[in-house]
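Per chain, numbering begins at 1; letters A, B, ... match sequence-line order.
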Number of protein chains: 2
Amino acid sequence: MKKIFNMSNPKVERVLADLKRLGYRLTRPRQSVLQVLMEADGCLRPEEIHARARRYCSTLGLVTVYRTLSLLSEMDHIRRVHREDGCHSYARTELAHGHHLICRDCHQVIEFPGLDNMSTLIDPIARETGFLVEDHMLELVGLCPVCQEKVEA
Amino acid sequence: MKKIFNMSNPKVERVLADLKRLGYRLTRPRQSVLQVLMEADGCLRPEEIHARARRYCSTLGLVTVYRTLSLLSEMDHIRRVHREDGCHSYARTELAHGHHLICRDCHQVIEFPGLDNMSTLIDPIARETGFLVEDHMLELVGLCPVCQEKVEA
DNA sequence: GACATATTGAAAATCTTTTTCATTAATAAT
DNA sequence: ATTATTAATGAAAAAGATTTTCAATATGTC
């Protein structure tokens, strides 16, 4: 299938090429979910992704959204973010990589650097405890500047 | 109601006193859940807590486990820990406080210090982004020494 | 364009967690 | 101790999120 969007987004292109490379089909439902994820500047819940992606593929089912999220996660093009309520959100790896700052009001996600500091934090702990640390998750939750004003107003 | 355990656990005692102070009743179901949480050295899922606490209170329902977990969380005697699969586990605050190191195999939780380092990590980020950081969550996931050997064996 | 089959959507199933509500039991008053 | 008050409980049902099943569909290949 040909691409369904006229204005090609380089991020989308890259993932499509990768899907193709691995032998996956470039279906309309997949492209619609991908497009939504790549044009978003924050993390989205499966339900939100479904709603938005329907604008590009009206027959899209929620199940396919889950399946696509799972596929894209495995390929590490998106990352799963844990929400306080126990559900999950997803954001493109670029945003979710490393650590993130999540606005509890607008759900905007900002990535921040600090990976170097992390290993200085983690290494001594690993040494002391004998743990083999395979992964770490740091999430800061708070209010972004815009939502702070909303609260004050 | 009188305490249901002969050997009193000081951690349990302290929470019971606090419950009493706040006007909550010291019921057998509550005491059984509390006992399980305070004698555990790791984090447990509601289902596991239910299974274990039934040994002390055979009529205990899962619903009451959830209600008690929610109450004890609010009182900050236990903390909720996010699991990779999206479910939650609970551990007494003593264990869960600050940051934790979770063994992905045996689910043991080890607390580690490093809170001081955290604010040196967080403060500059808050300054740069304008975010009001209200909470942070750092979880390290890996293999504890015992489970590392199990894998190698 | 036709074929083989990966992918899809809908419905049903799972699983965790919450809500509802009549019953039970802890506490305080007697 | 007995009784009254009402917080707390358990069972069942509801609510959500996510996964599985399966027949129908659409993609990439020949």
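- Taking the side chain to side chain contact (heavy atoms under 4.5 Å, CB included) definition, one finds that B/R25 meets it with B/T27, B/R30, sequence neighbours left out.
- Rounding to whole angstrom units, CG of residue B/L71 and P of D/dA8 are separated by 8 Å.
- For residues 48-68 of chain B, every residue pair satisfying the salt bridge (Lys or Arg N to Asp or Glu O under 4.0 Å) rule, not counting sequence neighbours, is listed here: B/R45-B/E48.
- Checked by distance alone, B/R25 brings a side-chain donor or acceptor within 3.5 Å of a matching partner on the base of D/dA7.
- The distance between atom CD of B/Q31 and atom P of D/dT9, rounded to the nearest whole Å, is 11 Å.
- Scanning for side chain to side chain donor-acceptor pair (under 3.5 Å) contacts around B/E47 gives an empty result, with sequence neighbours left out.
- Counting to the nearest Å, the C1' atom of C/dA26 and the CZ atom of B/R30 are 10 Å from each other.
- Residues meeting the side chain to side chain donor-acceptor pair (under 3.5 Å) test with A/R127, sequence neighbours left out: none.
- Nearest-nucleotide positions on DNA chain D place B/G23 closer to the 5' end than the other of B/R54 and B/G23.
- Side-chain atoms of B/Q35 and B/E39 include a donor-acceptor pair closer than 3.5 Å.
- Whole-Å rounding puts the A/L19 CG to C/dA6 P distance at 16 Å.
- Remark: C1' of D/dT6 and OH of B/Y24 are 15 Å apart, rounded to the nearest angstrom.
- At the phosphate of D/dT27, neither OP1 nor OP2 sits under 4.0 Å from any side-chain N or O atom of A/T27.
- With sequence neighbours left out, the side chain to side chain contact (heavy atoms under 4.5 Å, CB included) criterion links B/S73 to B/I78, B/Y90.
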*asked:* Can you build the contact string for nucleotides 14-23 of chain C? Use B for base contact, S for sugar-phosphate-only contact, and - for no protein heavy atom under 4.0 Å.
replied: --SBBBB---
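- Distance B/L69 CG to D/dA8 C1': 15 Å, rounded to the nearest Å.
- With rounding to whole Å, A/I49 atom CD1 is found 10 Å from D/dT18 atom P.
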